[in-house]
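Everything numeric in this text was worked out from a predicted model, so none of it was measured.
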Amino acid sequence: MNLNPVALKEWASAIDVLVQGDQIMLLRKGGIEEETRRFELKSHSFYLFPTYEHQRTHLVKEPYRASVERSLSEFNAGADRVRLTAYAEAVDDLEVRDFEQLERLYPYHMWTGNLAEERLKWKAKEPLHVLLLKVYKLEKPAEIEMLPEYGGCRSWIELAVPPEEAMLSPVLSEEAFEEKRRSIKLILGQ
């Protein structure tokens with residue numbers, strides 16, 4: 001697989017849950033510093049770049065709170081390196097525009113209903129993007145330099161110095177991934 005030198009910024013705890021295979025989706029509206037003021041799928045394959053600033057245990061369901069606590073305990077605000085552990089392919093970019101659709105997704109993600117609802121309400125004219133991801137674990141995590149341009153509240157970053165060639169292992173078998181994907185698309189009427 002040819003790896004793109006692009007990364008999608010996401011909560012470190014959400015990346016952990018993706019790497020464990022507990023979910024295959026991310027819910028995106030875009031950061032406040034997005035160039036277009038809304039979320040766009042800029043690349044269909046990308047590294048998952050861990051962020052920590054907005055994670056809170058009360059924003060995730062009980063079984064996932066330990067993931068948030070662990071990632072926050074490991075966070076070092078002054079660190080000059082970032083550890084990348086996962087790569088993903090966006091297989092689907094589905095749009096959700098109403099609360100009924102959003103409620104149907106509740107069993108398939110780690111976030112509380114309140115957080116998911118807040119994401120849908122924010123920038124109310126824009127849809128909530130439901131990215132269905134085929135996730136790969138880097139067999140050897142990549143340590144990259146944390147550059148100032150990687151900061152800020154935006155979704156996408158271009159990696160100035162991409163990791164060396166990495167060996168990847170799919171988190172889920174093709175069959176397990178497709179079963180989860182079909183279930184999600186079915187409940188959304190896709």
Side-chain angles (χ1 to χ4, degrees), residues 1-28 30-31 39-55 60 63-94 108-111 129-152 154-185:
M1 177 186 301
N2 188 15
L3 304 184
N4 288 331
V6 171
L8 178 66
K9 295 172 70 175
E10 184 57 63
W11 288 7
S13 57
I15 294 170
D16 288 346
V17 172
L18 289 165
V19 167
Q20 292 165 13
D22 289 349
Q23 76 181 38
I24 65 166
M25 77 168 60
L26 291 179
L27 306 177
R28 302 302 297 224
F39 180 79
E40 291 179 350
L41 186 61
K42 291 190 175 186
S43 178
H44 285 277
S45 61
F46 42 85
Y47 288 92
L48 292 167
F49 189 96
T51 64
Y52 302 86
E53 292 80 9
H54 302 295
Q55 298 185 110
V60 300
Y64 302 105
R65 291 184 177 164
S67 242
V68 173
E69 290 168 359
R70 185 176 49 257
S71 69
L72 289 174
S73 72
E74 295 168 356
F75 176 57
N76 176 358
D80 61 351
R81 311 279 304 160
V82 176
R83 184 180 166 117
L84 303 178
T85 60
Y87 193 81
E89 293 177 325
V91 177
D92 295 288
D93 180 3
L94 310 172
Y108 297 95
H109 62 75
M110 68 186 282
W111 299 283
H129 290 260
V130 178
L131 300 180
L132 301 186
L133 304 179
K134 189 177 287 188
V135 177
Y136 300 87
K137 185 175 183 175
L138 277 66
E139 289 188 8
K140 182 180 175 196
E143 298 273 339
I144 63 168
E145 184 179 1
M146 178 60 181
L147 301 176
E149 57 265 32
Y150 297 164
R154 61 181 186 272
S155 299
W156 297 100
I157 56 175
E158 188 80 26
L159 299 176
V161 181
E164 305 257 334
E165 189 65 29
M167 295 293 294
L168 304 176
S169 300
V171 169
L172 296 172
S173 69
E174 190 66 30
E175 297 79 22
F177 172 78
E178 284 301 329
E179 183 179 324
K180 288 184 179 206
R181 179 180 178 225
R182 273 192 302 275
S183 296
I184 292 167
K185 290 183 77 168

For [X] and [Y], which heavy atoms make the closest approach, and how far apart are they?
| X | Y | answer |
| --- | --- | --- |
| Arg65 | Val60 | NE-O, 3.0 Å |
| Leu159 | Ala7 | CD2-CB, 4.1 Å |
| Ala14 | Trp111 | CB-CZ2, 3.9 Å |
| Ile144 | Pro163 | CG2-CG, 4.0 Å |

Does atom [atom1] ([X]) have a neighbourhood of more than 12 heavy atoms from anything else shown, all under 6.0 Å?
| X | atom1 | value |
| --- | --- | --- |
| Glu178 | CD | yes |
| Lys9 | NZ | yes |
| Glu164 | CD | no |

Residues that [X] engages under salt bridge (charged side-chain N to carboxylate O under 4.0 Å, His left out), provided they are two or more places apart:
| X | answer |
| --- | --- |
| Glu158 | none |
| Arg182 | none |
| Lys134 | Glu174 |

Handout entry: Distance, nearest 0.5 Å, that separates CE of Met25 from CG of Asp92
Key =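 One gets 10.5 Å once the value is rounded to the nearest 0.5 Å.
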
Problem - Interatomic spacing from OG1 in Thr85 to OH in Tyr47 - rounded to 0.5 Å - result: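 Rounded to the nearest 0.5 Å, the OG1-OH separation comes to 11.5 Å.
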
Who pairs with [X] by side-chain contact (heavy atoms from CB on, under 4.5 Å), at least two apart in sequence or on another chain?
| X | result |
| --- | --- |
| Glu145 | Arg81, Leu147 |
| Ala86 | Ile15, Val19, Leu48, Val135 |
| Pro162 | Pro5 |
| Glu139 | Met167, Ser169 |

Problem - Which residues share a ring-ring contact (aromatic ring centres under 6.0 Å, His included) with Tyr108, sequence neighbours left out - result: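 Testing Tyr108 for ring-ring contact (aromatic ring centres under 6.0 Å, His included), a comparison that skips the adjacent residues, returns none.
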
Problem - Residue list, ring-ring contact (aromatic ring centres under 6.0 Å, His included) with Tyr64, at least two apart or on another chain - result: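 In terms of ring-ring contact (aromatic ring centres under 6.0 Å, His included), with neighbours along the sequence ignored, Tyr64 is linked to no residue.
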
Donor-acceptor pair, distance only, cut-off 3.5 Å: does the side chain of [X] make one with the backbone of [Y]?
| X | Y | result |
| --- | --- | --- |
| Lys180 | Gly21 | yes |
| Lys42 | Leu8 | no |
| His129 | Leu131 | no |
| Trp156 | Glu40 | yes |

Practice task
Tell me, please, which residues at least two apart from Arg83 pass side-chain hydrogen bond (donor to acceptor under 3.5 Å, both in side chains).
Solution key: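 Once residues adjacent in sequence are excluded, Arg83 has no partner under the side-chain hydrogen bond (donor to acceptor under 3.5 Å, both in side chains) criterion.
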
Problem - Which residues share a side-chain hydrogen bond (donor to acceptor under 3.5 Å, both in side chains) with Lys140, sequence neighbours left out - result: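 For Lys140, no residue satisfies side-chain hydrogen bond (donor to acceptor under 3.5 Å, both in side chains) once neighbours in sequence are set aside.
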
Practice task
Enumerate the residue pairs fulfilling side-chain hydrogen bond (donor to acceptor under 3.5 Å, both in side chains) with a member in residues 13-23, sequence neighbours excluded, ordered by first and then second residue.
Solution key: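 Applying side-chain hydrogen bond (donor to acceptor under 3.5 Å, both in side chains) to every pair that reaches into residues 13-23, excluding sequence neighbours, yields Ser13-Gln55.
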
Exercise for the section: Decide side chain to side chain donor-acceptor pair (under 3.5 Å) for Tyr87 and Ser45; before the verdict, give the C-alpha distance in whole Å, the side-chain angles of both, and the deciding distance to 0.1 Å. Expected result: CA-CA 7 Å; Tyr87 193 81; Ser45 61; 3.2 Å; yes

Practice task
Would you please say whether a donor-acceptor pair under 3.5 Å links the side chains of Arg70 and Ser67?
Solution key: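 Looking only at side-chain atoms, Ser67 and Arg70 do form a donor-acceptor pair, the distance falling under 3.5 Å.
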
